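Data first, discussion second: the structure below is written as structure tokens.
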Amino acid sequence: MTTSCRVCKGPVREFLDLGRQPLSDAFPVPGRTEEEFFFQLAVGRCEECTMVQLLEEVPRERMFREDYPYHSSGSSVMRAHFEETARRLLATELSGDDPFVVEIGCNDGVMLATVSEAGVRHLGVDPSGGVGEVARDKGVRVRTAFFEESTALDIAAGEGPADVVYAANTICHIPYLESVFRGLDALLKPTGVFVFEDPYLGDIVRRTSYDQIYDEHFYLFTARSVRAMARGFGYELVDVERLPVHGGEVRYTIARRGARTPSPAVAELLAEEERTRLADLDTLRGFASAVRRNRDDLLALLRRLRDEGRRVVAYGATAKSATVANYCGIGPELVSFVCDTTPAKQGRLTPGSHIPVRGPEAFRDPYPDYALLFAWNHAEEIMAKEEGFRAAGGRWILYVPDVRLV
Ligand code: SAM
Ligand code: TMP
Ligand code: ZN
């Protein structure tokens, strides 16, 4: 299948098809699975600007709704990460006279709560009403809307220009980036910066973490594709920073062209991508082969454990795991339930694969023989919290970067 690049309109060549997939964050009520929405999850690379992107776009209102269940503050590691992010912004870009920061996709206020406590002018923009309410309870100002050109114009008119527009795990969700950049034209001060962090294609390929590909992750960025995108819209990539969170991300800083001198880190990451041929179609096809091997290995292990009569449950009903469960064909016959701390997911079924979701207490009652760690990006935090599981003889099943027991 070929489509046109959502950024530069060049041809996009498919390199991986992960099959029919449900909305990754829509957990059906038992007995009401006939209402589920499915789409074809295939990924391609633009032959002009190298942007890696999905071939089919899921309507945004289906994904980001009043009851969007993902709450960023559910992980202590992520809470610490965003507090540190806020402190750094406050000490640098937001240290001038009456600074103003806009966050796209503020979710439950995990980052802006610290900015609000510091008394700094801020506005979160997020279309998912439920998480926005939680943010407001923390003293964060939130506008329930999709960020796009019209929203940005409105904010600029009402509150003046912004020193920083920040986003985490959100810009890769937005196919219509042209509208976002036109919004930045109106909203950012001449010397302001657009800072965003998202899963990094370099880490995804290196670790075969194909579960980073799902409906919400429309783009998988690299320094090269982000630089091309920024230039296409009249901006410049001026800094990059690798982050360990969510299995490997990059934080990109973008400024108006000519406003700032790019840091050496930009050239270094571009050189590394060139050396590893990250954007080459051959590399991406090699990644697709590794994905198929990973699926075969995981299925073989789960089937063996089932045939041996072992009790296997999963840990973390992550959005990422929708891709794994539906691509591999993992259902309740292989994994009896998934435990998750998110109240809105409990008592529901996993999207498409229909594995029951229970609270974390079900994990210990009694411990299973094996636990498939769907939330592998929170491995350290979860394994520390659940050390009793291994002490009782349980083993974790991991599949990133390869299938193994620990
Ligand atoms: N920033 C948080 C974090 O990193 O944990 C939340 C990330 S969450 C995966 C993505 C958030 O982006 C959701 O809360 C969703 O409602 C929001 N979102 C999606 N499209 C958006 C848009 N066009 N403008 C603003 N927010 C958007
Ligand atoms: P994420 O990988 O997108 O951050 O989603 C993590 C999911 O895992 C989310 O549904 C919450 C759940 N979770 C737990 O159940 N227990 C935990 O200790 C952590 C950190 C996450
Ligand atoms: Zn392109």
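As the structure lists them, so they are numbered: ligands from 1, and atoms in each ligand from 1. Note that the coordinates shown come from a computational prediction; the quantities given were computed from them, not determined experimentally. Scope of the values below: all heavy atoms of this structure, side chains included, with no hydrogens, waters or symmetry mates.
- Within the 4.0 Å heavy-atom criterion, the part of Ile382 lying near ligand 2 is the side chain and not the backbone.
- The proximity of Thr342 to ligand 2, defined as any non-hydrogen pair under 4.0 Å, is limited to the side chain.
- Looking at Phe146 against ligand 1, both its backbone and its side chain come within 4.0 Å, counting heavy atoms.
- Counting heavy atoms under 4.0 Å from ligand 2, residue Val77 does not touch it at all.
- Annotation for ligand 1: atoms under 4.0 Å from non-hydrogen atoms of Tyr176 are 23 (N).
- One finds an angle of 110° at the Zn ion (ligand 3) between SG on Cys8 and SG on Cys5, to the nearest 10 degrees.
- By the criterion of a heavy-atom distance under 4.0 Å, neither the backbone nor the side chain of Phe374 is placed next to ligand 2.
- Ion pairing between a basic and an acidic side chain is recognised when a charged N comes within 4.0 Å of a carboxylate O; Arg242 and Glu272 show such pairing.
- Residue His246 places a heavy atom under 4.0 Å from ligand 2.
- Assignment of Lys345 to the shell around ligand 2 is supported, since a heavy atom sits closer than 4.0 Å.
- For a threshold of 3.5 Å applied to N or O pairs, the pair formed by Ala168 and ligand 1 contains at least one separation below that value.
- Between Asp126 and ligand 1, a contact under 3.5 Å exists for at least one N or O pair.
- Close approach of ligand 1 to Ile174 is summarised as follows: ligand atoms under 4.0 Å from at least one heavy atom of the residue are 22 (C), 23 (N).
- For atom 3 (C) of ligand 1, the nearest protein heavy atom (residue, atom name, distance) is Ser72 OG, 3.3 Å.
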